[in-house]
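Just so we're clear, the structure is a prediction, and the values are computed from it rather than from any experiment. All chains are named by letter (A, B, ...) in the order of the sequence lines, taking the proteins before the strands, and each is independently numbered beginning at 1.
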Protein chains: 2
Amino acid sequence: MKVLIVEDDPLHRSYLHEAVRAALPECDSVIEAENGTVGERIAREYKSAHIVMDLQMSPRNGIEAARTIWKERPETRILFWSNYSDEAYVRGVSRIVPDGAAYGYVLKSASDDRLKLALRSIFIEAQCVIDREVRGMQQKSLGQTNGFTDSEYEILVDIALGLTDRAIARRRNLSLRSVQNRLQHLYEKLGVHHPSMPEHEEGRFNLRSRAVTVAFLRKLLNYSALERAEAELGEWLRTR
Amino acid sequence: MKVLIVEDDPLHRSYLHEAVRAALPECDSVIEAENGTVGERIAREYKSAHIVMDLQMSPRNGIEAARTIWKERPETRILFWSNYSDEAYVRGVSRIVPDGAAYGYVLKSASDDRLKLALRSIFIEAQCVIDREVRGMQQKSLGQTNGFTDSEYEILVDIALGLTDRAIARRRNLSLRSVQNRLQHLYEKLGVHHPSMPEHEEGRFNLRSRAVTVAFLRKLLNYSALERAEAELGEWLRTR
DNA sequence: CAAAAATCTGCGGGATCCCGCAAGACGGAA
DNA sequence: TTCCGTCTTGCGGGATCCCGCAGATTTTTG
């Protein structure tokens, strides 16, 4: 068995290396990559079917790398090993995992044993292992309560990119009013309804910008999500 | 000599611990803290005058912690040890360093030797040590060319928070028109002047939101900066 | 299948935003 | 002092945004 480690931090990389060696004695070769770009290339060349990957890397973060890797070989087993359980990451990952694929999401704060157990479960047993904290995020994300619909999330990303209502309407094939409708719902769910000063002209917010900020502070958005969205927007603009 | 280490990642923490031991044989006690809140408390209790600190922590990031520590004892020597040289971080740090204080900013990607050298320079020689990459960011940040004035940065933060023009005017004691004036300058410097489609109604941007996004992508803003700004806004709102 | 809920859409209006024009205020350089 | 650049402020107008109202369409539910 071969294992590919994709992680930009040298300390974490060597820690992972040791963990893999210890947890998987049947593994005869461990390869390392220090970012998403290199990781993709090596995965392709060595046909690695077992990958441990960080999410926050540059250039090319874990989600982008995983997407192209899974597109080429969907049976690849990937364990995401990240510092954070931001909703943006969780959403990003579950959007790209192929049907029936075995994958995992373990936080770096997890114990040694948990990491090793996850490695064996995913790579040997082909079982999914999702950190309970991440699982909680997933359910909150998908469930109705306090959760955001895909369409709401979509429009959140669109205004975060700085598109006008009209541009969003064109991009999503909607009427202008529908876009504004979704925006209203978004504002409501984010709770950005001029909350502090009800009737005064005081401290009023620009709802559009405020929504983006609140989403950021709640980790519904993060840098990596913005980066991806910006790239997608660029592609779309190119095709007009 | 006592050294306090404030760093949330256990691996990095123990690495730092070893580096301090190796670089500073005259150091007889090393204390560790895993976030800014704890770091502040320990710094106060133990009157630590020598601190190595990460920037990105939660709760309470390095900049916030450093600010209160320096406010209490400005002669404290702090070495910031961070993954990133985001302009937001660099700006945040140089905004709070007291006059004449010895401090440092070293990237985690720096070599072992560089870190140890920085430790000795700052803690023994009371000399400032700024990573050359960070230094470059500083100059770009302060210089005219491609750099942002304090007032421009200020208004950038304000719209990022989601304030309306009127609210900004009140907060900064300006007329409405002046606020809009500064915004124009900001848009120009960020290059968000409906660049792609000059006259078409196509792909137009909402300048206000777009400016925030571009600033984010350029790392002029980041999560930590937003967090701080949000806290400051909260304070200001409380005092009306 | 029918009722209910959610979503999409047009219309219209008040608030806000973006910005050109132009007049004053302030400070440094000739 | 005078001149010039930068910053500030007022006025005004066109574009955009936010949203209530109401009808049409789609989806869900019983």
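Distance, B:E188 CD to C:dC18 C1': 13 Å, rounded to whole Å. Between B:R204 atom CZ and C:dC17 atom C1' there is a gap of 13 Å when expressed in whole angstrom units. At whole-Å resolution of the value, CG in A:L174 and C1' in C:dA6 are 15 Å apart. Between the CD1 atom of B:I168 and the P atom of D:dT8 there is a distance of 14 Å, given to the nearest Å. The CZ-P distance, from B:R210 to C:dC18, rounds to 15 Å in whole Å. B:F205 has its CZ atom 14 Å from the P atom of C:dC18, to the nearest Å. The nearest whole Å value for the distance from the CD1 atom in A:I155 to the C1' atom in C:dC8 is 13 Å. The distance from atom CD of B:Q180 to atom C1' of D:dC7 is 15 Å, rounded to the nearest whole Å.
Qualifying side chain to side chain donor-acceptor pair (under 3.5 Å) partners for A:Q180, counting only residues two or more places apart in sequence or in other chains: A:D165. For A:K219, there are no salt bridge (Lys or Arg N to Asp or Glu O under 4.0 Å) partners, not counting sequence neighbours. Among residues two or more places apart in sequence or in another chain, the side chain to side chain donor-acceptor pair (under 3.5 Å) test is passed with B:R228 by none. For A:A49, there are no side chain to side chain contact (heavy atoms under 4.5 Å, CB included) partners two or more places apart in sequence or in a different chain. Taking the side chain to side chain donor-acceptor pair (under 3.5 Å) definition, one finds that B:E152 meets it with B:T149, B:K189, sequence neighbours left out.
Applying the 3.5 Å distance criterion, the base of C:dC18 shares no donor-acceptor pair with the side chain of B:Q184.
A salt bridge is defined here as a Lys NZ or Arg NE, NH1 or NH2 lying under 4.0 Å from an Asp or Glu carboxylate O, and B:K108 with B:D131 fails to meet this definition. The pair B:R171-B:E235 does not count as a salt bridge, with every side-chain nitrogen at least 4.0 angstrom from each carboxylate oxygen. B:R114 has no carboxylate O lying under 4.0 Å from a charged side-chain N of B:E133, or vice versa, which leaves the two without a salt bridge.
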Grab the N/O contacts between the protein and nucleotides 21-28 of chain D below 3.5 Å, and write none if there aren't any.
residue	atom	partner	partner atom	Å
D:dC21	N4	A:R177	NH2	3.4

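Here D:dT16 is the nucleotide among D:dT16, C:dC17, D:dT9 with the atom lying nearest to any side-chain atom of A:R166. Side-chain atoms of B:S175 lie closest to D:dT9 of the nucleotides C:dC18, D:dC18, D:dT9. Here the nucleotide nearest the side chain of A:Y187, chosen from C:dT7, C:dC19, D:dC18, is D:dC18.
Note on residues 211-230 of chain B: pairs passing ring-ring contact (aromatic ring centres under 6.0 Å, His included), not counting sequence neighbours, are A:F216-B:F216.
Phosphate contact (OP1/OP2 of D:dC7, side-chain N/O of B:R182, threshold under 4.0 Å): absent. Distances shorter than 4.0 Å separate none of the side-chain N or O atoms of B:S178 from OP1 or OP2 on D:dT8.
For the helix from C:dC1-D:dG30 to C:dA30-D:dT1, the end axes, each set by the C1' atoms of five terminal pairs, are bent relative to each other by 40° (nearest 10°).
Between B:H185 and B:N206, the residue anchored closer to the 5' end of DNA chain D is B:H185, taking for each the nucleotide with the nearest heavy atom.
Residue A:L176 is classed as having no contact, given no heavy-atom separation below 4.0 Å to the nucleic acid.
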Run the side-chain donor-acceptor check on residues 72-79 of chain B: report pairs under 3.5 Å with partners two or more places apart or on a different chain.
residue	atom	partner	partner atom	Å
B:E72	OE1	B:R44	NE	3.1
B:E72	OE2	B:R44	NE	3.0
B:E72	OE2	B:R44	NH2	2.9
B:R73	NH2	B:A43	O	3.0
B:R73	NH2	B:S48	O	3.4
B:T76	OG1	B:R73	O	2.6
B:R77	NH1	B:I122	O	3.4
B:R77	NH1	B:F123	O	2.8

